[in-house]
Amino acid sequence: MFEREIAKSIAAASGGAITAAEAEAALEIPKEKKMGDVALPCFKFARTLRKASPVIAKELAESLSAPDAVGRTEVAGGYLNFFFSPEALCRRLAAQADRDWSATAGEREGEGRTVCIDYSSVNIAKPFHIGHLSTTVIGAALYRIFAYLGYTPVGINHLGDWGTQFGKLIVAVRKWSSLGEVESRDEYFLNSLYVRYHKEAEEDPSLDIDARAWFKRIEDGDKEATAYFDVFKEVTMRAVGRIYDRLKIRFDSYAGESFYNDKMQPCLDILERKGLLTESDGAKVVRLDEWDMPPCLLVKADGATLYATRDIAAAYYRAKTYDFYKCLYVVAYQQNLHFKQLFKVLELMGFEKAADMEHIAFGMVSLEDGAMSTRSGRVVWLSEVLDKAVEKARGIIEEKNPDQADKDAVAESVGVGAVVFSALWNNRIKDIVFSFDKVLNFDGETAPYVQYTHARCASTLRKGGAFDLAAADMGAICSEEGIDVVKCLLSFEDTVRAAAKTREPCMVTRYAVELAEKFNRFYIGHRIVGGDAGATNARLFLAYMVKNTLKTALGLIGIDAPESM
Ligand code: ARG
């Protein structure tokens, strides 16, 4: 925090020998408090300035006119350490008292820039399982984080609504059920037909022949086949929509794979024209040996197009439709190769935005006894996880706070929040082994803990009434615990910007927990309401800032903040 201002003052003190950008890049946050809040390791400039680092530190210190947030500086060996002034920090915080807390209130770094975010991207006829949780909540969090910073995010659900599985489902429905039954039952019923199909197809290969024929009829626009297809899509979207409602997620576009049926040919033409397509056993591929990748298969021998072909068409479509600044794909690292191939092919095609495409990879979710598989039916459904979490939250509320108003709504917020949090706690790339116990654990570093801290602030503010900042004695929040909270509050915007830059929503999650922990440490040691008026005003103000910042942070990662619990 304040690195930019400090860097400027260093540049000025160096008489231009060090630029502000160089200084900012060199600044560090020391691990130990006694080394200051920010430190400049001067050895980084020893070579260019041709001086020993302690000399540089000393000279800079002598001519430095530091920003007001810095109370004092200290030369320690080759380091120049900056210590923030508690009074200045409180002044900075007070200046934010009337700030805007809305979902788009952050620094406007993204003004005029559209970011496409391809996330969740469910497959039709497959119910939502916990493997889909990460892409959904990471994508939605990035969406809100970018919106907060003034970007224009476009949420795209690139539906998996094309492929031979639809032929298989038609065969299954005709053999073991009916269109009417599928329509009136839920997505699990549809999935059970799919599972049964795979079991029986192992014994009876003729099923696959029928399935291919049915898919061909879908491709040809045959009425009967399309009727099945539409019902599958509707049943799935109904179910998925319920999950999105619970997660409070919306998409700006549901243009999925089938949407690109008539948009691939122009792309294939470009590939052809540029001489990028090679025949291989009747199929058309783009060779990528030069980049150590297997060829990218785009048209099969029977003329069928593929997942990659649709993604190429989608890239062109998005560029034309949204004129994006970046196009992000929030998809498991399992598809690393697919995206590397896709981006390379686009680059070879001369697609002008090829360098603005990014695969936002994340780790895999597996079960304690191995990988999940929809085909074998070995999966944990997300709605089941949400229900269990909400039920548990409801039990705890019943036990600890039986007079709680809106028990159902609070239980929903806490239960769903706990599940969302579990997928946003770690760096994206980390694999997750799903365990009910872990997700349903409400103690320690969890969403309920943060939500509870938020509710604690809200209740303190209700008890304390309105505060008067003009009459506040800021010394009452300048204890070590108090200043820790103030510093943490002041670093919120930096945290959100860093989360956007690294595409890591977990930075916001961890921030929320850290702020809650710091506030609780302060809360235990300091009486907020009922002391002398000046102190009460300052402490209520602190509780007010913590409450709003926690709510905003939780909002960014898609977690509710109930006013009481
Ligand atoms: N439906 C795909 C899957 O479940 C993910 C699609 C990701 N988006 C894309 N444009 N390829 O694996």
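Everything numeric in this text was worked out from a predicted model, so none of it was measured. Both ligands and their constituent atoms are indexed starting at 1 by order of listing.
- Of the protein's heavy atoms, Asn123 ND2, 3.0 Å lies nearest to atom 4 (O) of ligand 1.
- Heavy-atom proximity to Val331, at under 4.0 Å, picks out these atoms of ligand 1: 7 (C).
- Side-chain contact, Asn157 with Arg250: no donor N or O sits under 3.5 Å from an acceptor N or O.
- With hydrogens and angles left out, the side-chain atoms of Asp269 and Gln265 include a donor and acceptor closer than 3.5 Å.
- Aromatic ring pairs are classed by plane angle as parallel below 30°, tilted from 30° to 60° and perpendicular above 60°; the pair Phe343 and Tyr329 is tilted.
- Looking at ligand 1, you won't find any N or O of Arg318 less than 3.5 Å from one of its N or O atoms.
- The aromatic ring centres of Trp381 and Tyr188 sit less than 6.0 Å apart.
- If you check the side chains of Asp494 and Tyr511, you find no donor sitting under 3.5 Å from an acceptor.
- Using cut-offs of 30° and 60° for the angle between ring planes, the His198 and Tyr194 rings count as perpendicular.
- At a heavy-atom distance under 4.0 Å, only side-chain atoms of Asp311, from C-beta outward, approach ligand 1.
- Looking from atom 12 (O) of ligand 1 to the surrounding protein, the closest heavy atom is Gln335 NE2, 2.8 Å.
- The atoms of ligand 1 that sit less than 4.0 Å from any heavy atom of Phe339 are 11 (N).
- Residue Tyr329 approaches ligand 1 through these ligand atoms, each under 4.0 Å from one of its heavy atoms: 10 (N).
- Note: Tyr254 and Tyr244 have tilted aromatic rings, judged against thresholds of 30 and 60 degrees for the angle between ring planes.
- Under a 4.0 Å heavy-atom criterion, Arg310 is not in contact with ligand 1.
- The distance criterion of under 3.5 Å between nitrogen or oxygen atoms is met by Asp118 with respect to ligand 1.
- Residue nearest to atom 7 (C) of ligand 1, selected from Tyr307, Tyr119, Tyr260: Tyr307 (by heavy-atom distance).
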